[in-house]
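A short write-up of the structure that comes next.
All values below come from the heavy atoms of this structure, side chains included, with hydrogens, waters and symmetry mates left out. Proteins come first, then strands; the chains are lettered A, B, ... in the order of their sequence lines, and each starts at number 1.
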There are 2 protein chains.
Amino acid sequence: MARTKDPDPEVRRRILDVSLDLFATKGFAATGVQEIVTKAGVTKGALYHYFKSKDEILFEIYGRVFGHELESLQRIVAEGHDPVRTLRTIIVDLVSHTAAITKESAVFARGGHADSPHWQAMQEQWRRYQEGFRQVIRDGQEAGAFSSKASPEVASWSVFGFTNSMHTWYRPEGRKSPADIGEELADLILTGLQS
Amino acid sequence: MARTKDPDPEVRRRILDVSLDLFATKGFAATGVQEIVTKAGVTKGALYHYFKSKDEILFEIYGRVFGHELESLQRIVAEGHDPVRTLRTIIVDLVSHTAAITKESAVFARGGHADSPHWQAMQEQWRRYQEGFRQVIRDGQEAGAFSSKASPEVASWSVFGFTNSMHTWYRPEGRKSPADIGEELADLILTGLQS
DNA sequence: ATAGACATACCAACCGGTCGGCATTGACTT
DNA sequence: AAGTCAATGCCGACCGGTTGGTATGTCTAT
């Protein structure tokens with residue numbers, strides 16, 4: 001029974017969970033390593049056994065934010081539906097995904113670490129997602145589905161701003177499901193775009 | 001030339017300006033007092049002569065964010081125009097104001113200091129502004145100007161999310177003026193609300 | 001003389017990070 | 001089966017540097 005090496009022990013998980021909580025509520029810089037280990041019920045030795053720096057914990061959290069959203073968008077576009085249905089699906093997908101990672105989203109929203117490669121890499125992914133989103137709107141305008149007077153930039157920032165601020169007000173125990181909220185947002189934006 | 005006692009000496013201003021810059025780009029916690037005074041070309045003695053703590057600098061910046069926005073909203077409502085025009089004016093006003101204080105807005109967006117009374121006071125003002133905004137939408141729905149199917153919450157968070165994220169993309173040297181951008185956002189949201 | 005406007009030197013506390021050590025465990029040898 | 005060994009997982013005392021903040025002094029204008 002070759003017991004395989006545990007790839008993700010509970011101690012490591014606890015450190016990550018507690019860090020996520022603290023980074024989301026207090027911010028990365030304002031959170032001390034000592035605070036993390038105390039709340040997680042472990043020691044500094046344990047933390048530095050699993051992570052080579054405090055930064056690395058942050059980077060692992062970053063990785064969960066935009067990991068697969070660009071692929072998701074491209075997959076939806078590839079399905080080849082009409083612009084209205086395509087954009088609606090994208091918006092609902094984005095809102096649902098953001099609702100599922102509110103804490104990570106809060107850490108991301110606080111920003112920081114502008115000079116680290118990890119942060120820049122994530123910003124680049126995020127930028128590409130934005131560009132893909134706007135391209136869907138532009139395609140829809142050329143196809144005549146959306147008004148040419150509307151601004152793809154303003155429309156996209158309404159949606160991104162909405163999702164970026166979700167962590168400040170969205171609560172999972174609320175009446176509306178993430179999908180419901182996404183549909184309502186899609187209703188609003190799509191109506192506006194079609195004018 | 002009786003040089004009157006300067007109520008806001010240049011040294012104090014420089015400290016405030018530099019702090020605003022650093023807090024907006026690096027975050028409050030990640031910015032050291034030493035860093036502020038070095039960049040401002042003054043000494044710590046000067047800083048602690050004008051401010052009794054690093055926090056107080058932050059609080060003074062906070063004060064500039066929502067100082068008069070609630071009054072502005074109430075003044076616009078009091079003018080008694082139709083819901084569509086009222087909401088449009090409010091949105092343009094909010095976007096313009098946010099564009100004028102992008103750095104302060106960035107500091108606010110990073111959040112933090114959840115337990116300080118200053119932060120909570122500002123959150124309360126912000127909450128009241130949101131409520132006033134949503135009430136305009138609800139009034140418009142009762143008056144039949146807006147569709148009753150639309151969600152005031154989703155519509156308002158599209159606008160607030162938009163303004164909250166402006167500091168990440170708005171540049172004063174861009175082609176569109178803040179008022180232009182505000183009009184475009186108003187077009188989008190108002191069309192959506194009227195369905 | 002008095003008060004404001006700083007400069008300078010300094011401090012305890014805390015920061016992220018390190019390091020030698022130790023208990024446990026599975027693999028390999030005999 | 002017993003003994004050896006190396007690796008893993010973790011502990012906690014410790015480190016140099018930095019932190020926000022202060023005490024005291026000096027200069028200047030009134």
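- Going from atom CD of B:Glu10 over to atom C1' of C:dA5 covers 12 Å, rounded to whole Å.
- Between the side chains of A:Gln125 and A:Arg128, no donor-acceptor pair is found at a separation under 3.5 Å.
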Quick one: which protein N/O atoms are closer than 3.5 Å to N/O atoms of nucleotides 19-21 of chain D? Pair and distance per line, please.
| unit_1 | atom_1 | unit_2 | atom_2 | d |
| --- | --- | --- | --- | --- |
| D:dG20 | OP1 | B:Thr31 | O | 3.2 |
| D:dG20 | OP1 | B:Lys54 | NZ | 2.9 |
| D:dG20 | OP2 | B:Val33 | N | 2.7 |
| D:dG20 | N7 | B:Lys44 | NZ | 3.2 |
| D:dG21 | OP2 | B:Tyr48 | OH | 2.8 |
| D:dG21 | OP2 | B:Lys54 | N | 3.0 |
| D:dG21 | N7 | B:Lys44 | NZ | 2.9 |
| D:dG21 | O6 | B:Lys44 | NZ | 2.4 |

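- Here the C1' atom of nucleotide C:dT18 and the CD atom of A:Glu56 are 16 Å apart, to the nearest Å.
- The backbone N or O of A:Ala40 sits less than 3.5 Å from a side-chain atom of A:Arg14, completing a donor-acceptor pair.
- You'll find the ring centres of A:Phe133 and A:Trp157 outside the 6.0 Å limit.
- The existence of a salt bridge linking A:Arg127 and A:Glu131 is excluded, since no basic side-chain nitrogen approaches an acidic carboxylate oxygen closer than 4.0 Å.
- A straight line from CZ of A:Phe51 to C1' of D:dC10 spans 14 Å, rounded to a whole angstrom.
- Under the 3.5 Å distance criterion, the side-chain polar atoms of B:Ser72 are left unmatched by any main-chain donor or acceptor of B:His68.
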Could you run down the sub-3.5 Å N/O contacts of the protein with nucleotides 23-29 of chain D?
none

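- Residues forming a side-chain hydrogen bond (donor to acceptor under 3.5 Å, both in side chains) with A:His113 (at least two apart in sequence, or on another chain): A:Asp55.
- Distance A:His49 NE2 to C:dC19 P: 16 Å, rounded to the nearest Å.
- Within 6.0 Å of atom NZ in A:Lys54, more than 12 heavy atoms from other residues, nucleotides or ligands are found, so the atom counts as buried in its surroundings.
- When each of A:Tyr62, A:Phe59, A:Phe66 is paired with A:His118, the ring-ring contact (aromatic ring centres under 6.0 Å, His included) condition holds for A:Phe59 and for no other.
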